[in-house]
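Here's the structure we're looking at; comments come further down.
Bear in mind that the values here come from a model prediction, so they are computed numbers and not experimental data. In this chain, residues are counted from 1 in sequence order. For the numbers below, each heavy atom of this structure counts, side chains included, while hydrogens, waters and symmetry mates do not.
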Amino acid sequence: MPLLKVLRPTLPILIGASIMLTLSMGLRQSLGIFLQPLTRDIHISVSDFTLALAVQNLAWGFLQPMAGALTVRYGFRPIMLLGTLLYIAGLVLLTTAHGLLSVMIGGGLLIGTSLACTANAIAMSVAARAVPETVRSTVLGIVSGVGSLGALMSAPIGQMLNEGFGWRIGLAGFVILSVFMIPAAWYAGRVDSIPLPRPAGDDIGNATAVTAAKTAFGNASFVVMTGAYMVCGMQLVFLTTHLPSYLAICGLDPMLSAQTLGMIGGFNVLGSLFFGWAGQRWNKLALLGGIYIFRSLALAWYFMLPATPASTLLFGAIMGFLWMGVGPLVAGAVAEMFGLRWQAMIQGLAFMSHQVGSFLGAYGGGLIYDTFGSYTMAWRIGVALGLAGGIIQVAFALIRPSQPPLLRTA
């Protein structure tokens with residue numbers, strides 16, 4: 001049966017989830033564009049700004065399991081709408097910031113809390129529930145791919161407004177874009193009317209939140225995936241936060257940073273589609289490890305050579321292809337291992353590790369730069385940890401393939 005025919009009844013849900021994801025992720029990934037002018041204007045350091053982004057990542061990570069659990073009790077729609085309103089409020093506060101406190105609360109706490117309600121874990125859980133299992137991984141790849149278009153659109157818009165009118169007008173443009181998340185979240189919330197499939201004998205659908213969490217952390221494949229996921233967050237947030245600053249240090253055109261983030265967003269689409277397709281056919285956890293290994297090799301290649309416009313755009317294309325491909329693989333693996341009812345919460349538990357890595361990538365990169373005056377030590381650490389995490393993930397996935405857990409009841 002053609003894929004479009006299978007998906008036609010749930011297209012409004014999938015389109016809503018994709019638009020919500022593309023805006024929440026695209027706007028957030030483009031905040032690094034404003035690092036240099038914002039810090040100069042309101043007299044805060046680079047590490048201050050990156051500390052706010054680190055707080056954002058920690059709030060996102062540690063609130064993600066709670067947001068996932070609340071969707072089981074209240075449904076997806078109210079959680080996604082609340083997150084959208086918090087996103088708009090965070091951007092407004094960041095736009096009007098005159099000191100570190102506003103940056104920390106707006107760009108850090110509010111946007112971080114919003115992402116727990118609107119970004120990957122929630123959007124992927126919505127998409128997974130809306131479609132049959134036979135096409136789930138492919139559809140997750142499509143949603144992730146469409147969700148990658150946000151950076152392709154928001155980065156150039158933000159940079160043009162920033163250069164032409166200043167960083168406050170650039171962020172005001174982001175506020176306007178974020179308003180479109182409201183109808184997107186409303187339509188994605190239609191998934192609440194779709195009943196969950198009948199739980200299988202080894203499913204944890206009828207378990208409590210505490211039991212589901214214990215079962216997840218008792219699964220060795222999940223624990224290894226969660227540990228390696230930290231490296232993913234560290235590498236990606238280091239790049240989105242510090243690449244614009246690195247290119248400025250190298251004396252390259254400021255528009256190149258926006259073009260590179262846009263290149264990442266564009267190739268993100270291809271990578272997400274490919275890894276969604278591949279996850280339907282091969283070991284999802286081994287594919288994850290392969291992504292981490294190839295990302296690390298790309299990082300090493302780029303930072304070892306003098307930065308040029310051509311090498312930077314090529315680097316953006318490579319990293320873009322390997323960027324959000326992790327989304328459908330992680331979501332698909334969690335759904336296979338634990339079912340759909342607690343998917344958003346369990347995926348959120350794994351994401352906590354990702355966001356610890358994000359904290360290290362954002363704040364650690366800024367701290368290393370302020371200490372040594374360069375990013376050399378930061379990218380070397382990212383490469384070493386990425387290779388280690390990827391090799392361990394691949395080896396474990398091949399030696400011990402994941403199996404659905406057995407729920408132990410008293």
Side-chain angles (χ1 to χ4, degrees), residues 61 64-65 68 119-145 147 197 199-200 202-205 207 212-233 271-293 295 322-355 357 389-407:
Q64 185 70 79
N120 297 70
I122 299 296
M124 291 296 180
S125 297
V126 168
R129 182 181 294 192
V131 299
E133 183 179 2
T134 53
V135 297
R136 183 179 297 150
S137 183
T138 300
V139 170
L140 290 174
I142 294 172
V143 171
S144 180
D202 55 5
D203 205 326
I204 62 172
K214 288 181 179 179
T215 304
F217 283 111
N219 185 294
S221 295
F222 175 79
V223 171
V224 171
M225 181 190 77
T226 298
Y229 210 14
M230 182 180 73
V231 175
C232 173
S272 296
L273 293 174
F274 171 77
F275 287 107
W277 172 85
Q280 200 80 45
R281 291 159 176 79
W282 299 302
N283 187 308
K284 294 179 177 63
L285 300 182
L287 289 169
L288 276 173
I291 287 176
Y292 303 152
I293 291 171
R295 270 191 201 159
L322 301 171
W323 201 271
M324 280 183 70
V326 300
L329 296 176
V330 171
V334 170
E336 285 179 0
M337 288 189 280
F338 306 108
L340 296 177
R341 181 175 177 81
W342 295 104
Q343 180 190 356
M345 186 194 76
I346 293 175
Q347 197 173 330
L349 293 172
F351 197 66
M352 288 171 63
S353 172
H354 181 283
Q355 294 308 90
I391 291 169
I392 292 170
Q393 176 70 86
V394 170
F396 193 88
L398 297 179
I399 294 170
R400 186 174 176 177
S402 62
Q403 296 293 334
L406 293 176
L407 178 62

Between Leu349 and Thr226, what is the shortest heavy-atom contact and its length?
-> O-CG2, 4.3 Å
Should the ring pair Phe274 and Trp277 be called parallel, tilted or perpendicular, given that the plane angle runs from 0 to 90° and is split at 30 and 60?
-> tilted
Shortest non-hydrogen contact from Met225 to Ala350?
-> CE-CB, 4.1 Å
Applying ring-ring contact (aromatic ring centres under 6.0 Å, His included), name anything that partners Tyr292, two or more places apart in sequence or on another chain.
-> none
Between Ile391, Val224, Leu285, which is the residue that forms a side chain to side chain contact (heavy atoms under 4.5 Å, CB included) with Phe396?
-> Val224
Closest heavy-atom contact between Gly61 and Met352?
-> O-CG, 3.0 Å
For Leu288, the option from Asn283, Leu329, Ile293 that meets side chain to side chain contact (heavy atoms under 4.5 Å, CB included) = Leu329
Taken in chain and number order and not counting sequence neighbours, the residues that satisfy ring-ring contact (aromatic ring centres under 6.0 Å, His included) with Phe275 are Phe321
Heavy-atom pair of closest approach, residues Ala228 and Gln393 = CB-OE1, 3.8 Å
Check Gly279 against Lys284 and note the closest heavy-atom contact, atom names and distance.
-> O-NZ, 2.7 Å
With side-chain contact (heavy atoms from CB on, under 4.5 Å) as the test, would you mind laying out the steps for Gln64 and Ile122 before giving the verdict?
-> CA-CA 9 Å; Gln64 185 70 79; Ile122 299 296; 3.8 Å; yes
Please report the closest heavy-atom contact between Leu398 and Ala286, naming both atoms and the distance.
-> CD2-CB, 4.1 Å
